[in-house]
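Below: one structure, written as C-alpha cells.
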Amino acid sequence: MTGLILTNLLGNAVKYSPEDREIDLKVHLTDDKIAFHVKDQGIGIPEKEQKYIFDRYFRAENVLTAQGTGIGLNIVKGHIENLGGKINFMSKENVGTTFSVELPLRN
C-alpha cells in the first residue's frame with residue numbers, strides 16, 4: 001500500500017507542476033515509524049478549498065481542466081488511516097504543496 005500512496009502523491013506533484021520545477025521527496029525512518037514528505041512547486045490548492053481536498057470526487061477549481069477523477073487523495077487517506085497512519089498538507093496557491101505522511105512500522 002505504501003507504493004500506492006507514494007505513486008499518487010508523486011503523480012499529483014508531477015501533474016500539477018510546471019516541467020522545469022523540482023519535486024522533493026524526503027524520507028525519515030525511526031524505530032517505530034516511517035515518514036515521508038512530497039513537496040512540489042506547482043499550482044497549489046486554493047485556501048478556501050483546502051478543507052475539501054480529501055473528499056471523494058472533489059477537484060479544486062484550479063485543476064478542473066486537468067485530467068482526473070477526484071478520488072486519488074480520498075483513497076490515499078483511507079489507506080493511510082487503515083494502516084494506523086496520518087496525512088496532512090500545507091499548500092499555497094501558485095507556490096506549491098507539501099504532503100506529509102506518517103506510518104507506523106510493524107514488527
Heavy-atom side-chain proximity of [X] to [Y] below 4.5 angstrom:
X    : Y   : result
Y16  : I45 : no
L105 : D31 : no
Y57  : Y52 : no
D55  : N74 : no
K92  : E47 : no

Taking atom [atom1] of [X] and atom [atom2] of [Y], what is their separation to the nearest 0.5 Å?
X   : Y   : atom1 : atom2 : result
H79 : N8  : NE2   : CG    : 9.5 Å
D24 : T98 : CG    : OG1   : 8.0 Å
N88 : F54 : CG    : CZ    : 7.5 Å
I75 : I5  : CD1   : CD1   : 11.5 Å
F89 : K77 : CZ    : NZ    : 10.0 Å

For this session: List the steps and the verdict of side-chain contact (heavy atoms from CB on, under 4.5 Å) for K48 and E61.
Result: CA-CA 10 Å; K48 67 182 181 181; E61 65 184 20; 3.7 Å; yes
Quick check: does any side chain N or O of [X] sit under 3.5 Å from a backbone N or O of [Y], one acting as donor and the other as acceptor?
X   : Y   : value
D40 : T97 : yes
N82 : G78 : yes
Q50 : S91 : yes

What is the minimum heavy-atom distance between [X] and [Y], and which atoms define it?
X   : Y    : value
A60 : P46  : CB-CD, 4.0 Å
I80 : E102 : CG2-O, 4.4 Å
G85 : L103 : CA-CD2, 4.1 Å
V38 : L25  : CG2-CD1, 3.8 Å
P18 : G42  : CD-CA, 4.1 Å
R21 : Q41  : NH1-O, 3.2 Å

Exercise. With a 4.0 Å cut-off, would you call E81 and K86 a salt bridge?
Worked result: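 Salt bridge: no.
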Are [Y] and [X] connected into the same hydrophobic cluster when the rule is that any two of I, L, V, M, F, W, Y join if their side-chain heavy atoms are below 4.5 Å apart?
X   : Y   : value
V95 : I53 : no
F99 : F58 : yes
M90 : L73 : no

For this session: Using a cut-off of 6.0 Å, state whether more than 12 heavy atoms not belonging to K15 lie near its atom NZ.
Result: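 For K15, atom NZ is crowded (more than 12 foreign heavy atoms under 6.0 Å).
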Exercise. Between the side chains of S100 and H37, does any donor sit under 3.5 Å from an acceptor?
Worked result: yes
